[in-house]
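Within every chain, numbering begins at 1; the chains are lettered A, B, ... in the order of the sequence lines, protein sequences first and strands thereafter.
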Amino acid sequence: MGYTKDQLLARLQELKIYFTCYDHPVVLTVEEQAKHVGHLGGALSKNLLLKDKKHRLYVISALAGTKVDMKILSQRLGLGKGGLRMAPEENLLEVLQVPLGCVTPFALINESASAVSLLLDQGFKSKQICYFHPLTNDVTIALSSSNLDKFLISFGKQPAYVDLEAAPAVGKDNPPDLAHLVPSGVPNSSEQPVENASHTNVPHHQNNVPKETEVKAIMTISKVQSKGAETSSKVDKPTTNTSVDKFVNDVFDIISPLLSEELKKLDIKKEELSSILDGLRGRADPDLKSIAMTLKNASYTNGFHAGFKTMLHRGLNG
Amino acid sequence: MAAAEQGVDAARKEEEEEEEQVVNPWEVSAGKGGIDYDKLVDQFGCQRIDDALVGRIARLTGRPPHCFLRRGLFFAHRDLNELLDLYEKGEKFYLYTGRGPSSEALHLGHLIPFMFTKYLQEAFKVPLVIQLTDDEKFLWKNLTIQESKRLARENAKDIIACGFDIERTFIFSDFSFVGGAFYENMMQVARCVTMNKAIGIFGFNLEDHIGKVSFPPVQAVPSFPSSFPHLFAGKDQLRCLIPCAVDQDPYFRMTRDVAPRIGYQKPSLIESRFFPALQGENTKMSASDANSAIYVTDSAKEIKTKVNKYAFSGGQDSIELHRKLGANLDVDVPIKYLNFFLEDDDELAHIKKEYKEGRMLTGEVKQRLIAVLSEIVARHQRARSQVTEEMVDAFMAVRPLPNMFG
């Protein structure tokens, strides 16, 4: 299951990320949140979970005051004019694994969210302290944007800061400037990514907070898998083939054409040729298989004993 | 599921009543007319293998079924269909067979279960454990422990020569391997079988030494994957298929009875008939009578002499009579042997027809048999000559088999 708030906070402490924590009753909107922490001088954030036509997900995390124009954003991402919508509630629960009203950059630590693109408001950089929900609505944590970066990098997510209010023209001569932030290779882009996202979680969620490198590796692995890169691991990897059947077939495949050639010179008809070859094959098969198996077993035996002696020597030498 | 599985006590009763056959691991004797297999199947409670089952095996393995299946040499089973159902769904199994190494002299009859098991290993691509019951032979025969162990190793060489795949085969002898998880399973089985039951199944009596009485669990537990933690760790529910001669059935009746009580799966069985002695069904093949069987050490000349001189013929006494009446295929030993060892179905059918109708003579049939047997024995001898002590060590090493299902 997804990270809990406590796991997240423990993680932050482990990473030596300085933050302050404020408890308050559950809040579902920025306004409500502001009532509790707004006076403290930090920058409140508003967080949106958006979805494009190909079911790819985006977390837009902006300063509360930033105007976010979904149409423009959509164009800048290369999704056309009406390409972005608010994501349905299920995506929140299943992909980000946070409750309603709790979209937060911190949710991206969950592997289910590995394919979600994060766009951060450039404005955060100029603020000393920013406020986000740490996976639950009854807490707000305050930290600097550079610390947020540190956190994101710890699990392999590169922070992407964007001037969310900019509205550059997008056209033939001006390619969409945010196109690189569109998630690549969702496993089954035609199906609901929500299900896919939870299926690409190969390692089950650790209850202990994993070490930095392990988490990075896991995130890389689950990212690679979400790109459907399993096919690339099948290609080009030679496997040791020790099949006696295959070996004997290979031998016949070498001899048959040579024999055919010679027999043709003796004016033997085609139909007779194949029955001669089949007959030969049938008669030679048991003996060929027997000697091939003997060779295989003898080779294995030599290897086995070599290995055994190696271990023996290494053991003695310590 | 099998009907009520009766034991030797039932066989004994019948024997007293009708002086009929006795079949158990230590005694096989036929009544008049040879072994009645139908009666045996009924008495033991196993199922017959029919053509549909043979066809199913061919389809599942993607290759023609072995000669021994086609010709009904392996003729009975327990739960084979259930095992195939699971295999079809992708669930694997492993093979378990064995030998009691009582002598160095192995004849073709001894090789039959191994030849068949090799086919099963190749066809289904599954691993195999082979048990050499050197302890059993020590307990039942007048051998020293050292000699039993030596015979086990010698027999292992002939077994290896049958062409088993070292990547998928583990051979072990009881004196070397019993212990650990294997021994734990033995105790579990032992606790589930009363003395009464053992006497009923195996025919023990109060004069038998306790070594005999406590042996059966040793032959039972290789049916359970947890006996081999170096091979099947974590696969406690892996199924087992046991190819064996039908006289071993009592061991596995006991095993199948105990298995569910200790949380294990019942092994499936595939059982063979007995291989007739050269002199006919009513003679026992015996190590003391060299002429009763073809030995794997026989030369081509010896094979020719034995078949010509001793193979019981169903042909008539004179050529004229033979051309008139034809041969009696029911008692003709060369035909029975060809039935097992001549691969070509068409050729066999032709020979049977011609011989039965008197057009083919005994001499010709025997000649064909000699050729077939010589080829098999020569192949075996060549392979046997290449088996080294190191190879035996490797087959018997307690090692993982990472490619066992590959």
Side-chain angles (χ1 to χ4, degrees), chain A residues 202-204 230 233-253 271-272 274-316, chain B residues 61-64 66-67 115 118-119 121-123 125 156-157 159-171 341-347 371-372 374-406:
Chain A
V202 167
H204 291 291
E230 284 150 315
S233 63
K234 276 184 200 158
V235 173
D236 291 333
K237 194 176 175 190
T239 44
T240 331
N241 193 314
T242 52
S243 160
V244 161
D245 273 3
K246 185 176 182 301
F247 176 75
V248 171
N249 283 338
D250 288 347
V251 168
F252 279 124
D253 287 344
E271 312 82 55
E272 281 181 35
S274 61
S275 82
I276 290 174
L277 287 172
D278 283 340
L280 244 156
R281 201 171 174 143
R283 285 165 57 196
D285 203 71
D287 282 319
L288 272 178
K289 287 217 171 110
S290 170
I291 59 177
M293 187 61 87
T294 299
L295 180 63
K296 173 177 167 175
N297 288 347
S299 309
Y300 177 108
T301 298
N302 286 354
F304 178 80
H305 287 287
F308 184 74
K309 289 202 182 94
T310 307
M311 284 311 296
L312 213 57
H313 286 299
R314 287 235 302 263
L316 285 173
Chain B
T61 56
R63 60 181 70 201
H66 192 273
C67 207
M115 291 161 82
K118 177 207 148 61
Y119 150 78
Q121 179 180 66
E122 242 177 64
K125 298 196 187 359
K157 291 177 188 165
I159 292 170
I160 291 169
C162 292
F164 290 107
D165 185 339
I166 199 171
E167 283 196 301
R168 282 199 245 249
T169 308
F170 173 58
I171 303 179
F341 294 117
L342 181 58
E343 279 279 340
D344 190 333
D345 290 335
D346 293 333
E347 191 188 345
V372 167
S374 301
E375 196 185 310
I376 293 173
V377 171
R379 187 176 305 131
H380 184 94
Q381 284 170 356
R382 185 188 53 223
R384 173 70 163 84
S385 68
Q386 311 244 29
V387 177
T388 59
E389 293 296 331
E390 288 78 19
M391 199 184 279
V392 176
D393 290 336
F395 264 96
M396 294 184 72
V398 177
R399 69 210 188 279
L401 299 178
N403 281 347
M404 59 176 156
F405 292 114

For this session: Tell me, for A/S290 versus chain B, whether the close heavy atoms (under 4.5 Å) come from the side chain, the backbone, both or neither.
Result: side chain

Seminar exercise, completed: CE of A/M293 to NZ of B/K118, rounded to nearest 0.5 Å, is 4.5 Å

Problem set entry | B/F395, part contacting chain A, at a heavy-atom distance under 4.5 Å | side chain

Problem set entry | B/R382 vs A/I291 side-chain heavy atoms within contact, under 4.5 Å | yes

Exercise. If you count heavy-atom pairs under 4.5 Å between each of B/E122, B/K125, B/E375, B/M391 and chain A, which one has the most?
Worked result: B/M391

Problem set entry | Heavy-atom donor-acceptor pair, A/D287 side chain to B/R379 backbone, under 3.5 Å | no

Exercise. Salt-bridged, B/R63 to A/D245, with N to O below 4.0 Å?
Worked result: yes

Exercise. Can you tell which of B/V387, B/N403, B/I166 has the highest number of heavy-atom pairs within less than 4.5 Å of chain A?
Worked result: B/I166

Exercise. Taking atom OH of A/Y300 as the centre, does the number of heavy atoms from other residues, nucleotides or ligands within less than 6.0 Å exceed 12?
Worked result: yes

Seminar exercise, completed: Applying a strict 4.5 Å limit to non-hydrogen atoms, the region of A/N302 in contact with chain B is neither

Exercise. Is there a side-chain contact between A/F304 and B/D393, using heavy atoms and a 4.5 Å cut-off?
Worked result: no

Exercise. Taking all non-hydrogen atoms of both residues, which atom of B/Q386 and which atom of A/T294 are closest, and how far apart?
Worked result: CB-CG2, 3.4 Å

For this session: Determine whether A/V244 and B/D165 make a side-chain contact, defined as any pair of heavy atoms from C-beta on separated by less than 4.5 Å.
Result: no

Problem set entry | CZ-CZ distance between A/F308 and B/R399, expressed to the nearest 0.5 angstrom | 13.0 Å

Exercise. Hey, which of A/P286, A/S243, A/G282 has the most heavy atom pairs under 4.5 Å with chain B?
Worked result: A/P286

